[in-house]
Amino acid sequence: MSQAARRLTKADLHLPCKRQAVYLLGKILARRLDDGSVLRGRIVEDECYLGGEDKASHSYNGRQTAGNEPMYMPAGTTYVYFIYGMYCCFNISSLEPGAAVLLRALEPIQGQEQMGKLRAAKQKSPLKSPLKEKDLCNGPSKLCMSFNITKNNCNKIDLTESEVLWLEDDGFEVEKKDIVTCKRVGIGSAGEEWVGKPLRFYVLGNPHVSKRDKKTEKKMSESD
DNA sequence: ATGCAGATCCGCT
DNA sequence: GCGGATCTGCATC
């Protein structure tokens with residue numbers, strides 16, 4: 001780590017969804033495990049899920065249930081949900097009621113060995129090849145496995161107060177020209193209008209991103 | 001590099 | 001009942 005990291009506060013996270021998603025790129029997610037050790041990863045990819053109109057969002061049409069309640073809580077509250085019978089995804093609520101940012105990929109910067117163990121422990125069958133660092137957290141459910149984030153232990157947490165999960169700024173900045181803005185992933189059934197919205201953000205050239213959008217990257221390089 | 005099937009189960013209709 | 005903000009392995013180009 002380059003310099004002393006500052007913990008993010010309520011004021012830092014008091015942002016509407018899209019601005020929060022962009023703001024979070026380059027920030028650090030920190031996780032304290034039961035044994036006291038701390039894992040850290042830099043956020044390199046995230047996605048917005050808006051409330052109300054957004055057909056891909058769990059809060060579509062203002063739908064509020066016991067499950068998605070954290071999306072309606074103050075900005076900086078965690079929303080973890082269980083998906084596909086075996087995975088979790090990790091979100092951070094933003095300013096608008098019902099809106100949240102899904103973390104899709106992290107660049108591991110501390111505790112890689114522990115992350116590897118946590119990932120391996122979740123595998124059904126033994127790994128054929130050892131996990132490479134870039135494969136530890138390059139997907140929304142992978143980062144949950146590597147950080148031991150489950151609905152059970154990390155849902156509905158205030159990231160500005162928690163002792164087990166928080167955000168940091170270590171001074172690292174992602175340049176605006178290095179932010180790729182493109183379509184979200186995995187929401188094919190949500191209706192074309194919303195599938196196409198540019199609500200995913202990632203750091204250009206970072207090898208820890210889950211899925212690149214080469215068409216968008218090409219357009220960016222052409223308009224230099 | 002891209003694509004598809006299968007695993008697997010909670011929460012909502 | 002049913003579908004899903006995913007991942008892995010295997011097939012094919």
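The sequence lines fix the lettering, A, B, ..., with proteins before strands; numbering per chain opens at 1. Given the structure is predicted, the values throughout are model-derived calculations rather than measurements.
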* To do: Take atom NE2 of A:H58 and atom P of B:dC10, then tell me their distance rounded to the nearest Å.
  => 16 Å
* **Distance (rounded to the nearest 0.5 Å) between A:R31 CZ and A:M115 CE** => 11.5 Å
* Asked: Just checking A:L102: base, sugar-phosphate only, or nothing, at a heavy-atom cut-off of under 4.0 Å?
  -> base
* Structure fact -> Between CZ of A:R104 and C1' of C:dC7 the distance, given in whole Å, is 11 Å
* **N/O donor-acceptor pair, side chain A:Y84 with base B:dA7, under 3.5 angstrom** => no
* Asked: For A:D135 and C:dG9, what is the distance between atoms CG and P respectively, to the nearest whole Å?
  -> 11 Å
* For A:E69 and B:dC10, what is the distance between atoms CD and P respectively, to the nearest whole Å? -> 20 Å
* Distance below 4.0 Å between A:R200 side-chain N/O and C:dA5 OP1 or OP2 -> no
* **Phosphate contact (C:dT8 OP1 or OP2) by A:K142 side-chain N/O below 4.0 Å** => yes
* Is there a side-chain contact between A:S141 and A:C89, using heavy atoms and a 4.5 Å cut-off? -> yes
* Structure fact -> In this structure, NE2 of A:H14 is separated from OG1 of A:T9 (nearest 0.5 Å) by 11.0 Å
* To do: Please state whether the phosphate of B:dG11, meaning OP1 or OP2, lies under 4.0 angstrom from any side-chain nitrogen or oxygen of A:K151.
  => yes
* Structure fact -> Separation of C:dT6 atom C1' from A:N91 atom CG, nearest Å, is 14 Å
* Paired with B:dT8: which nucleotide, if any, by Watson-Crick or G-U wobble criteria at under 3.5 Å for both distances? -> none
* Which is true for A:Y87 with a 4.0 Å heavy-atom rule: it touches a base, it touches only sugar-phosphate, or it touches nothing? -> base
* Asked: Can we say A:K156 and A:E69 salt-bridge, meaning some charged N sits less than 4.0 Å from an Asp/Glu carboxylate O?
  -> yes
* Tell me: CE of A:M86 to C1' of C:dT8, nearest whole Å? -> 10 Å
* C:dA5: pairing nucleotide in any strand, Watson-Crick or G-U under 3.5 angstrom -> none
* Asked: Do A:S57 and A:D54 get their side chains close enough for a donor-acceptor pair, meaning under 3.5 Å?
  -> no
* Distance in angstrom units between A:Y49 OH and C:dT6 P, rounded -> 7 Å
* **Pairwise 5' ranking along DNA chain B for A:K214 and A:R63, keeping only the more 5' one** => A:K214
* Structure fact -> When rounded to whole Å, the CD1 to P distance for the pair A:I83 and B:dC9 reads 14 Å
* Asked: OP1 or OP2 of B:dA1 sitting under 4.0 Å from any side-chain N/O of A:R212?
  -> no
* For the side chain of A:I187, counting heavy atoms from C-beta on, which of C:dA5, C:dT6, C:dC7 is nearest? -> C:dA5
